[in-house]
Participant: 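Next up is a structure, given as structure tokens.
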Protein chains: 2
Amino acid sequence: MANIKEIAKESGVSIATVSNIINGKPGAGEETRKRVLETIKKLDYRPNVIAKNLKQKNNRTIGIITEDLTVFNTPDIVDGINEYCDEHNYEFVLGNLRLYKKYDEKFYHSDKYYGRVVDEFKMMESKQVEGIIYVGCHSRNLECIPSNFSIPIVIAYGFDNDKEFSSVIFNDEQGAYEATCKLIEAGHQNIGVIYGAQQSIHAQQRLIGYQRALYDNKILFNPQFIQQGDWSRKSGYEASEIFFEQNVTAIFAMNDLMAGGVYDFFYEKEHKIGTDIAIVGFDNREVSKAYNPSLSTIELPLFEIGRQSAKLLIDMITQPHKEVNPEIYKIDCKFIERKSIYKNIIDKV
Amino acid sequence: MANIKEIAKESGVSIATVSNIINGKPGAGEETRKRVLETIKKLDYRPNVIAKNLKQKNNRTIGIITEDLTVFNTPDIVDGINEYCDEHNYEFVLGNLRLYKKYDEKFYHSDKYYGRVVDEFKMMESKQVEGIIYVGCHSRNLECIPSNFSIPIVIAYGFDNDKEFSSVIFNDEQGAYEATCKLIEAGHQNIGVIYGAQQSIHAQQRLIGYQRALYDNKILFNPQFIQQGDWSRKSGYEASEIFFEQNVTAIFAMNDLMAGGVYDFFYEKEHKIGTDIAIVGFDNREVSKAYNPSLSTIELPLFEIGRQSAKLLIDMITQPHKEVNPEIYKIDCKFIERKSIYKNIIDKV
DNA sequence: TTGTAAGCGTTATCAC
DNA sequence: GTGATAACGCTTACAA
């Protein structure tokens, strides 16, 4: 393929002039500029960005390291980063660790994958990126991020308790608060909660949101209304059996999957969701639209998490001297109204 | 960051020797090798792949252009490419066109996005990739791929009727054939079909698969059992109304979404899916597991499409002189057995 | 076994 | 306005 030298020769000027013209630098004569641009078009010249990046210190490229691109949250986060980069004229290179595929599904309980992570960070440095966004596929405290790096690092969908890196996650508590408030607004007071896995930070935060919503609405918190689940559909079913015995009129399932278990149970009992029992889920997974009736739920701000991390990172890159204290940024979730909530008139009376 | 020159100086050898050692080339003394490797570790040296790629003609990097990374099929395809690249020591750079986000949902009906596509191809060439895989997000004849490119191009999830490029898609006909056969094996003869959108190539192929399955099993093809749909859940519901009047015992819905409409309808009628009516879908979307009872369906071989395209491309790169006739490769789909099919004993008698 | 030096395609400095 | 030329960090003949 034609290079700058050939363009120069063909148009009878020096490569310096060609370079200046390509990069819109002043100082080239109108006549020459026109001639050079024509040869560029004629020879279908494409600048070699590799050479360009070798020469230039700041190549306006960031690295994105994803734990697993095939996990549902990741593409949207990458898309958010992508948009912000496009807007600010940055490129990105993607390194996908494929942790789910390569290791076992619960890879984050072991640390055998740490080496893989460090390798990818090194690779990114080798590729001369100006900063790195690490995209987790399971929100948790990340201990695998190398700390002796000279370039800025931001974590998306995961965080760092040591506050060495900034991170962007969604606001579990606010999401659960909204979900609960919507049920309360519809007139419900006895709201069962299907809790997620025992140790989950998400579940802990969501419970606090639930409790705060009750408190703000002057509703007594009844601990009996909390049923332990494990994020699985089956556990949602089992929790429903217990709620069925109580005088619960609404259920907040801490994810859409467990909400599915609620549907299963009440389907069997021939009770109608949205008429006999109200329910709201969390995550806004594809399934939530598919349940019958469709499930009101909380949408995760994945795209925004991506955008925000990109903004943080690019700010750090462009203002290297501004000392920033790493922080955990929480992005609010959004309530998605569908048909699984009904107005509980009787209770209100 | 340390570069090769500093390593050389620090270990008291020339840069050529360092380079040889890094790249595992023979001819370096054991003593020197050890010393150099130590300095590399000590200075935490990371080779600059930009410089390396500038120098080396073949940089073992391919480009992946995705129409939209957030569309459900894309991440798995990329994952398949990723795996094959890993295995064969290739890197990839990703260019995401974001067509759904940037243009309207039916972007492929217009051609206003062509410029965007061509730009991305040019960008890939600028990045000196050795080949490009174009990942569509909607299987169709692609007319947007520039044809005057010097590097090999393969299309994944889309094809090129002009047979200028090789492409990899899944086998609609075989998938539909399997789906229908499973219903026939379960004893069903009167099998309704909910057809996809009118002009869809997918739908046409799937109908042929259905018909072939009937023929191979000596079952008369009753055109009345074909109901036009449009891929939407609502159209599945409407088709069910008609089947309800006919003596249909099983339904092949051409996608999982329309199958959802069937569930809706029979739920209202208080007929039980998997007991009163058998159904099989297509796509194996996340929802198919969530329906109650879970939906038997046809899984798209997305990962394999990715792997296969990567194999094709890398073969073309490594054997540039081997003349290949571009072909449309079809990967078989897989039947996923769930609970929406029952054995129709009565019919069999 | 090791070192010298050319060159990959750019950009940037500085002289003309 | 334009042109030499050094430099970016590396690989690779080829020389020593």
Side-chain angles (χ1 to χ4, degrees), chain A residues 1-37 39-40 43-61 91 122-130 150-151, chain B residues 1-37 39-40 43-61 91 122-130 150-151:
Chain A
M1 202 168 50
N3 61 21
I4 204 171
K5 214 192 256 166
E6 294 173 53
I7 301 298
K9 201 157 95 186
E10 181 75 14
S11 18
V13 293
S14 76
I15 57 169
T17 302
V18 176
S19 176
N20 283 334
I21 291 171
I22 289 170
N23 295 295
K25 298 249 169 86
E30 203 41 59
E31 189 56 35
T32 333
R33 161 169 280 113
K34 225 173 114 184
R35 187 152 34 94
V36 167
L37 288 176
T39 358
I40 285 178
L43 298 192
D44 197 27
Y45 165 73
R46 229 96 75 210
N48 182 327
V49 306
I50 304 240
K52 180 174 176 155
N53 286 349
L54 173 61
K55 180 63 189 167
Q56 291 187 315
K57 205 185 74 112
N58 48 349
N59 54 21
R60 298 189 81 83
T61 301
E91 296 277 319
K122 288 188 178 165
M123 186 48 139
M124 286 295 172
E125 244 189 348
S126 271
K127 288 179 177 169
Q128 312 301 116
V129 300
E130 298 191 57
S150 51
I151 51 175
Chain B
M1 201 170 47
N3 61 20
I4 203 171
K5 214 192 253 167
E6 294 174 52
I7 301 297
K9 198 156 98 188
E10 182 75 14
S11 21
V13 292
S14 76
I15 57 168
T17 303
V18 175
S19 174
N20 284 331
I21 290 171
I22 289 171
N23 294 296
K25 296 248 169 86
E30 202 42 59
E31 190 54 37
T32 333
R33 160 168 281 113
K34 227 175 110 183
R35 187 152 34 93
V36 167
L37 288 177
T39 355
I40 285 177
L43 297 191
D44 197 29
Y45 166 73
R46 228 98 73 211
N48 182 328
V49 306
I50 304 239
K52 181 175 175 155
N53 286 348
L54 174 60
K55 179 64 190 170
Q56 290 187 314
K57 204 185 74 116
N58 47 351
N59 54 21
R60 298 189 81 83
T61 301
E91 296 277 320
K122 287 189 178 164
M123 187 46 140
M124 285 295 171
E125 242 188 348
S126 270
K127 287 178 178 170
Q128 312 302 115
V129 299
E130 298 190 56
S150 51
I151 51 175

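All chains are named by letter (A, B, ...) in the order of the sequence lines, taking the proteins before the strands, and each is independently numbered beginning at 1.
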Participant: Quick check against the 3.5 Å criterion: does B:Ser126 have a side-chain atom that pairs as donor or acceptor with the backbone of A:Pro47?
Facilitator: yes
Participant: Applying the side-chain contact (heavy atoms from CB on, under 4.5 Å) test to B:Val13, which of B:Ile7, B:Asn20, B:Thr32 qualifies?
Facilitator: B:Thr32
Participant: Should A:Ile4 and A:Tyr45 count as side-chain neighbours, where that means a heavy-atom distance under 4.5 Å?
Facilitator: yes
Participant: Counting N and O atoms only, with roles assigned by atom type, does the side chain of A:Asn3 sit under 3.5 Å from a partner on the main chain of A:Lys5, one being a donor and the other an acceptor?
Facilitator: yes
Participant: How would you list, by chain and number, every residue that makes a salt bridge (Lys or Arg N to Asp or Glu O under 4.0 Å) with A:Glu130, sequence neighbours excluded?
Facilitator: none
Participant: For residues A:Asn58 and A:Arg60, determine if any side-chain heavy atom of one lies less than 4.5 Å from a side-chain heavy atom of the other.
Facilitator: no
Participant: Need two values: the first and the last nucleotide of DNA chain C, 5' to 3', having an atom under 4.0 Å from any heavy-atom of chain B.
Facilitator: C:dT1 to C:dG9
Participant: Mind checking side-chain contact (heavy atoms from CB on, under 4.5 Å) for A:Leu37 and listing every partner two or more places apart, or none if nothing turns up?
Facilitator: A:Ile21, A:Arg33, A:Ile40
Participant: When the C1' atoms of the five terminal pairs at each end define the local axes, what inter-axis angle does the helix from C:dT1-D:dA16 to C:dC16-D:dG1 show, to 10 degrees?
Facilitator: 40°
Participant: Would you indicate whether the side-chain heavy atoms of A:Leu54 and A:Ile50 approach each other to under 4.5 Å?
Facilitator: no
Participant: How does protein contact run along nucleotides 5-16 of chain D, one letter per nucleotide 5' to 3', with B for base contact, S for sugar-phosphate only, - for none, heavy atoms under 4.0 Å?
Facilitator: --BBBBBB----
Participant: Measuring only between side-chain heavy atoms, which start at C-beta, is A:Asn53 closer than 4.5 Å to A:Gln128?
Facilitator: no
Participant: Between B:Ser14 and B:Gln128, who's closer to the 5' end of DNA chain C by nearest nucleotide?
Facilitator: B:Ser14
Participant: Could I get the full list of salt bridge (Lys or Arg N to Asp or Glu O under 4.0 Å) partners for B:Lys52, not counting sequence neighbours?
Facilitator: none
